[in-house]
Amino acid sequence: MFQHLPDSFLQMNTIFISIMIEALPFVLIGVFIAGFIQMFISEAFIAKIMPKNRFLAVIVGSVIGVLFPSCECGIVPIVRNLIAKGVPLHAGIAFMLTAPIINPVVLFSTYVAFGSTWEIPLLRVAGSLVVAMVVGCAIAYFYKGNGLKEKFMLYETAGEKKAKEQQPVMAIAGMDVGISTGSAHTLAHEHEHHHHEHEAEAMPMKSKIWHTLQHAVDEFFSVGKFLVFGALIAAAMQTYIKTSTLVSIGHGPVLSILLMMALAFILSLCSEADAFIGASFRSVFSTQSIVAFLVFGPMLDIKNLMMMMATFKAKFVAFIVVGVTVTVFIYALLI
């Protein structure tokens with residue numbers, strides 16, 4: 001049946017399936033964590049633990065990823081829900097950049113891949129923290145506006161949508177007629193937002209678990225199509241852009257760092273597995289280049305760029321891409 005297909009197409013198909021098999025478990029972890037956040041973590045709790053100071057919020061966002069065993073495949077829906085719940089944009093992005101790198105699972109896999117030595121794992125963790133701090137602070141002090149797409153600012157589960165439909169149509173009918181349309185819309189939005197917040201808190205545990213599962217399913221299908229598309233592009237690039245061609249042009253510290261960053265983007269490996277691929281290049285590339293590969297890949301690759309484009313505004317995604325690329329390059333050059 002498949003004998004008439006070109007070998008390159010079969011190779012691309014194999015790579016595509018391997019990327020999907022590698023990524024799907026972590027996407028599932030990510031969407032379940034996102035569902036848990038939606039139903040069990042209130043805005044009041046987030047407001048209580050998140051520092052008001054922007055710099056301190058970036059620090060907290062950068063280091064809290066050690067508690068979340070998630071790779072970049074599933075981090076975007078988690079961050080989306082955290083920001084929608086009230087986490088500052090700069091703290092959420094700092095968390096998104098470090099969580100796939102500094103969690104214990106990735107740290108241990110990097111340690112094992114590089115012969116049970118701590119040099120590369122520590123350089124990797126330090127690099128992720130530097131990049132998250134720089135990009136997070138740049139967002140906090142220089143980026144104006146909300147990077148999240150409007151449709152995600154109040155993400156609703158299927159149960160919440162049903163509850164919304166049962167609300168009185170004229171939720172603000174008793175208000176003074178002199179209120180402007182814009183103000184009425186804002187007040188209605190706030191009323192609806194707090195209604196869902198209190199509704200979630202008042203739910204019995206069984207209902208919360210059920211709605212968490214519903215939310216996870218919604219998230220999975222929302223994110224899954226971008227994962228498939230990103231994996232397909234990554235598989236095609238791996239098949240038709242030969243690694244040997246790229247390696248042949250990667251001479252000198254600058255070019256080799258840029259090359260390894262490009263490879264990390266194209267290969268789109270999960271952060272739990274990329275250290276073993278990075279270790280295979282030790283005889284060809286410098287430590288600087290390999291660290292750039294290990295830091296850049298979990299922050300920016302084809303599949304998570306597709307997910308970010310679906311979640312954040314294009315201008316904001318461009319801001320993140322430029323900030324991460326420049327900071328990773330400078331960090332690798334200086335170590």
Side-chain angles (χ1 to χ4, degrees), residues 12 15-16 18-20 22-24 26-27 30-31 34 65 70-83 89-90 92-101 106 127-128 131-132 134-136 138-139 143 146-149 151-152 219-241 246 257-274 277-278 292-329:
M12 186 181 79
I15 294 171
F16 170 75
S18 67
I19 291 174
M20 291 298 297
E22 184 182 54
L24 277 174
F26 300 103
V27 172
V31 298
S70 176
C71 82
E72 75 281 1
C73 305
I75 197 66
V76 174
I78 297 173
V79 172
R80 183 176 78 189
N81 275 35
L82 286 173
I83 294 172
L89 186 64
H90 44 276
I93 298 304
F95 167 74
M96 184 181 78
L97 296 178
T98 58
I101 295 176
V106 174
S128 71
V131 175
V134 170
V135 175
I139 293 169
Y143 184 81
N146 191 345
L148 199 64
K149 288 185 176 179
K151 64 181 179 179
F152 295 123
E219 290 278 11
F220 180 78
F221 285 106
S222 175
V223 170
K225 57 182 177 287
F226 299 103
L227 172 65
V228 170
F229 191 52
L232 188 61
I233 294 173
M237 294 185 75
Q238 287 187 53
T239 302
Y240 297 108
I241 300 177
L246 295 174
I257 290 171
L258 292 173
L259 172 63
M260 288 300 280
M261 289 169 65
L263 274 178
F265 181 80
I266 292 169
L267 294 176
S268 297
L269 301 166
C270 280
S271 55
E272 279 81 2
D274 63 353
I277 304 300
F293 175 87
L294 296 174
V295 174
F296 188 77
M299 295 182 178
L300 279 177
D301 63 23
I302 294 171
K303 59 183 185 295
N304 82 332
L305 181 62
M306 296 294 298
M307 295 180 196
M308 282 195 282
M309 289 294 293
T311 302
F312 300 107
K313 296 174 182 175
K315 181 181 176 182
F316 184 62
V317 174
F319 190 94
I320 295 173
V321 169
V322 172
V324 168
T325 303
V326 171
T327 310
V328 171
F329 175 74

With a 4.5 Å heavy-atom cut-off, do [X] and [Y] have their side chains touching?
X    : Y    : answer
F329 : T325 : no
M261 : L300 : no
F16  : T239 : no
F95  : I75  : yes
M299 : S128 : yes

Could you pull out the closest heavy-atom pair between [X] and [Y], with the gap in Å?
X    : Y    : answer
I101 : V295 : CD1-O, 3.7 Å
P298 : D274 : CG-OD2, 3.7 Å
M260 : F293 : O-CD1, 3.3 Å
M308 : V76  : CG-CG2, 4.0 Å
V135 : G323 : CG2-C, 3.7 Å
V328 : A292 : CG1-O, 4.0 Å

To the nearest 0.5 Å, tell me how far [X] [atom1] sits from [Y] [atom2].
X    : Y    : atom1 : atom2 : value
N304 : M96  : CG    : CE    : 7.0 Å
K303 : L232 : NZ    : CG    : 13.5 Å
L263 : F296 : CG    : CZ    : 11.5 Å
N146 : I83  : CG    : CD1   : 7.5 Å
L305 : M309 : CG    : CE    : 6.5 Å

N/O donor-acceptor pair under 3.5 Å between T327 side chain and V131 backbone:
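Judged by distance alone, no pair lies under 3.5 Å.
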For F319, which residues count as a ring pair (Phe, Tyr, Trp, His ring centres under 6.0 Å) partner, sequence neighbours excluded?
Y143
